Amino acid sequence: MNSIRARAERIGAWLDRSDADVLAIQELKCRDDQFPAQVFSERGYEVAFHGLNQWNGVAIASRVGLADVEIGFPDVPGFGDQDDVEARAISADCGGVRVHSLYVPNGRELDHPHYTYKLAWLEALRAEVSRTLAADAGTRLVLCGDFNVAPEDDDVWDMAEFDGATHVSEPERTAFAALLDAGLTDVARPFTPGPGVYTFWDYQKLRFPKKQGMRIDFQLASPALAERAEDAFVDREERKGKGASDHAPVVVDYSG
DNA sequence: ATGCCATAAGCGTTATGA
């Protein structure tokens with residue numbers, strides 16, 4: 001998202017255009033008291049949000065119900081001197097599906113403490129998914145968000161550009177693969193085969209017009225939900241024009 | 001050789017993004 005206040009009008013227009021039942025948003029960059037809730041309420045959506053400061057921030061908007069909102073998840077690690085838990089996870093029941101909106105830590109550099117934090121965060125997420133599926137294998141849940149990992153070489157435009165960089169390192173890819181091993185499916189991929197399909201394009205260096213992006217945003221669904229996926233696409237239109245976010249929405253149709 | 005983009009906080013410059 002990269003700031004919901006700077007793009008409140010665009011979000012409203014996107015809801016009108018997409019006709020989405022549920023929208024998971026990340027990187028709000030605002031506190032709860034600054035959140036533009038009216039954009040959602042005036043369109044008939046309920047919305048749950050969590051923002052602590054100008055960093056991070058996550059939300060879920062739904063017009064098919066929004067119940068049992070949970071901030072964070074069990075054993076989620078924190079960051080910094082005080083191990084502060086950041087505003088990177090929120091979940092809710094939306095029309096029979098447990099929807100998670102997740103903003104995985106960036107990692108910054110391979111030798112940075114933020115990278116260690118990122119790996120620990122992903123492992124804590126995997127453990128929570130494993131627990132949930134062990135308790136009820138038929139549960140319908142989906143992890144939506146910015147995972148800050150490009151799982152395959154096809155998920156970046158040029159691997160040589162990412163030599164020594166985060167997002168493509170083996171430990172990050174192993175941590176992402178563990179989510180799939182836990183039983184989740186990257187539901188959009190069969191409908192959006194690569195190479196050349198991305199969800200993020202850096203603002204710098206004309207990355208979007210040059211089609212130089214990364215596929216780092218996903219919907220990872222449990223078996224009982226994944227089997228209902230009928231179609232999916234990355235809404236590249238939303239990356240165009242004045243005031244666009246650097247990410248584009250990953251849209252999945254679960255009407256099956 | 002370097003800056004190039006964009007946001008928030010806040011009014012100069014830094015932190016963050018990926």
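Reckoned from all heavy atoms, side chains included, excluding hydrogens, waters and symmetry mates. Below, read A as the first sequence line, B as the second, and so on, with proteins coming before strands; counting in each chain starts at 1. Given the structure is predicted, the values throughout are model-derived calculations rather than measurements.
OP1 or OP2 of B/dA9 sits under 4.0 Å from a side-chain N or O of A/Q34. An OP1 or OP2 oxygen of B/dT16 is reached within less than 4.0 angstrom by a side-chain nitrogen or oxygen of A/R108. Listed pair A/R5 / B/dA9 meets the phosphate criterion, a side-chain N or O lying under 4.0 Å from OP1 or OP2. Side-chain N/O atoms of A/N148 include one lying less than 4.0 angstrom from OP1 or OP2 on B/dA18. For B/dG17, the OP1/OP2 oxygens have no side-chain nitrogen or oxygen of A/H247 closer than 4.0 Å.
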Distances under 3.5 Å only, N/O to N/O: pair up the protein atoms with those of nucleotides 2-5 of chain B.
none

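Residue pairs meeting the side-chain hydrogen bond (donor to acceptor under 3.5 Å, both in side chains) criterion with at least one partner in residues 169-181 of chain A, sequence neighbours excluded, are A/Y115-A/S169, A/K118-A/E172, A/D153-A/R173, A/S169-A/E172. For residues 216-227 of chain A, the set of pairs meeting the side-chain hydrogen bond (donor to acceptor under 3.5 Å, both in side chains) definition, not counting sequence neighbours, comprises A/T199-A/D217, A/D217-A/H247, A/Q219-A/Y254.
At the heavy-atom level, A/I216 lies under 4.0 Å from the strands shown only through sugar-phosphate atoms. A/D146 comes within contact range of the sugar-phosphate backbone alone, with a heavy-atom separation under 4.0 Å but no base atom that close. Within 4.0 Å (heavy atoms only), A/R88 reaches sugar-phosphate atoms of the nucleic acid but no base atom. Within the 4.0 angstrom heavy-atom criterion, only backbone atoms of the sugar-phosphate kind lie near A/Y103; the bases stay farther away. No contact: A/R207 has no heavy atom under 4.0 Å from any strand. In this structure, A/T166 reaches neither bases nor backbone, as no heavy-atom distance under 4.0 Å exists between it and the strands shown.
Comparing B/dA15 with B/dG10, their C1' atoms sit 13 Å apart, to the nearest whole Å. When the C1' atom is used for both B/dT2 and B/dC11, the distance is 27 Å, rounded to whole Å. Nucleotides B/dG12 and B/dA1, compared at atom P, are 35 Å apart to the nearest Å.
Ionic pairing of A/D136 and A/R98 is not present here: no N-O contact between side-chain nitrogen and carboxylate oxygen is shorter than 4.0 angstrom.
When rounded to the nearest whole Å, the span between CD of A/Q54 and P of B/dA15 equals 12 Å. Rounded to an integer number of Å, the gap from A/F208 CZ to B/dA6 P is 13 Å.
In this structure, A/R236 contributes its side chain and A/V197 its backbone to no donor-acceptor pair below 3.5 Å. Judged purely by atom type and a 3.5 angstrom limit, A/S101 uses its side chain to pair as donor or acceptor with the backbone of A/I25. For A/T139 (side chain) and A/L141 (main-chain N/O), no donor-acceptor pair under 3.5 Å exists by modelled atom type.
When ring centroids are compared, A/F73 and A/W121 come within the 6.0 Å threshold.
For A/W55, counting side-chain heavy atoms from C-beta on, the closest listed nucleotide (B/dA15, B/dA18, B/dT7) is B/dA15.
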